[in-house]
K.L.:
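Handing you a structure now.
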Amino acid sequence: MPRLTITTDKKNFEVPVGSSIIDVCENEDTSILFGCRDGACGACMVRVLENPQNLSPISDQEQDFLEAMAARDDERLACQCRVLGNVTVEVSQ
Ligand code: FES
C-alpha cells in the first residue's frame, strides 16, 4: 500500500490506493484542516514535498481554484487529490 507522509505532524500512514488525503486526515489526528470537502473553501491546501506524480491529476475545478488562490505550483487541495503511490505533504502556511 502507498505511504502518505504528513511532515507537519511527523506522521505517516499506509493507505489503500485511491484514498483521499482528507479522508485519512479525518480518521487520524492531523493538523490538515478541511471544510467544504468540495474544492471550494481552500482550508485543506497542502504543499506536496515529494512525489507529486503519485497523486491523482488536477481536475479543471481544482486548477481553477488554485489559480484563483494564487497557489504555488506545489500546492494541492487535500480534499481533491487521491493517493496513488508514496507521497509527502505538509500543511500550507
Ligand atoms: S475542504 Fe474545502 S477546498 Fe478542501
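Side-chain atoms are counted along with the backbone in the values below, which use heavy atoms only and exclude waters and symmetry mates. Atoms within a ligand are numbered from 1 in the order they appear, just like the ligands themselves.
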K.L.:
Going by the side chain to side chain contact (heavy atoms under 4.5 Å, CB included) test, name the single residue among Ile21, Leu55, Val89, Val87 that passes it with Arg76.
P.N.:
Leu55
K.L.:
Check ligand 1 against Arg37 and write out every atom of the ligand that is under 4.0 Å from a heavy-atom position of the residue.
P.N.:
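Close to Arg37: 1 (S), 2 (Fe).
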K.L.:
At under 4.0 Å between heavy atoms, which part of Ala78 makes contact with ligand 1: side chain, backbone, both or neither?
P.N.:
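Neither part.
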K.L.:
Nearest 0.5 Å please: distance from the CG atom of Asn12 over to the CG atom of Leu4.
P.N.:
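Here the interatomic distance stands at 8.0 Å.
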K.L.:
In terms of atom number and element, which parts of ligand 1 are under 4.0 angstrom from non-hydrogen atoms of Ala40?
P.N.:
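The atoms of ligand 1 under 4.0 Å from a heavy atom of Ala40 are 3 (S).
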K.L.:
Applying the side chain to side chain contact (heavy atoms under 4.5 Å, CB included) criterion to Val24, which one of Ile6, Ile32, Val15 satisfies it?
P.N.:
Val15
K.L.:
How long is the gap from CG on Asn86 to CE on Met1, to the nearest 0.5 Å?
P.N.:
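The distance works out to 11.5 Å.
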K.L.:
Kindly compute the distance separating CG (Asp29) from NZ (Lys11), expressed to the nearest 0.5 Å.
P.N.:
4.0 Å
K.L.:
Return the residue, atom name and 0.1 Å-rounded distance of the protein heavy atom closest to atom 3 (S) of ligand 1.
P.N.:
Gly42 N, 3.2 Å
K.L.:
Would you mind listing which atoms of ligand 1 come within a distance below 4.0 Å of any non-hydrogen atom of Cys79?
P.N.:
1 (S), 3 (S), 4 (Fe)
K.L.:
Any idea which atoms of ligand 1 are less than 4.0 Å away from a heavy-atom of Gly39?
P.N.:
3 (S)
K.L.:
Knowing that exactly one of Met45, Gln61, Met69 qualifies, which makes a side chain to side chain contact (heavy atoms under 4.5 Å, CB included) with Leu77?
P.N.:
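Per the side chain to side chain contact (heavy atoms under 4.5 Å, CB included) rule, the option paired with Leu77 is Met45, out of Met45, Gln61, Met69.
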K.L.:
Round to 10° and report the angle made at atom 2 (Fe) of ligand 1 by SG of Cys36 and SG of Cys41.
P.N.:
100°
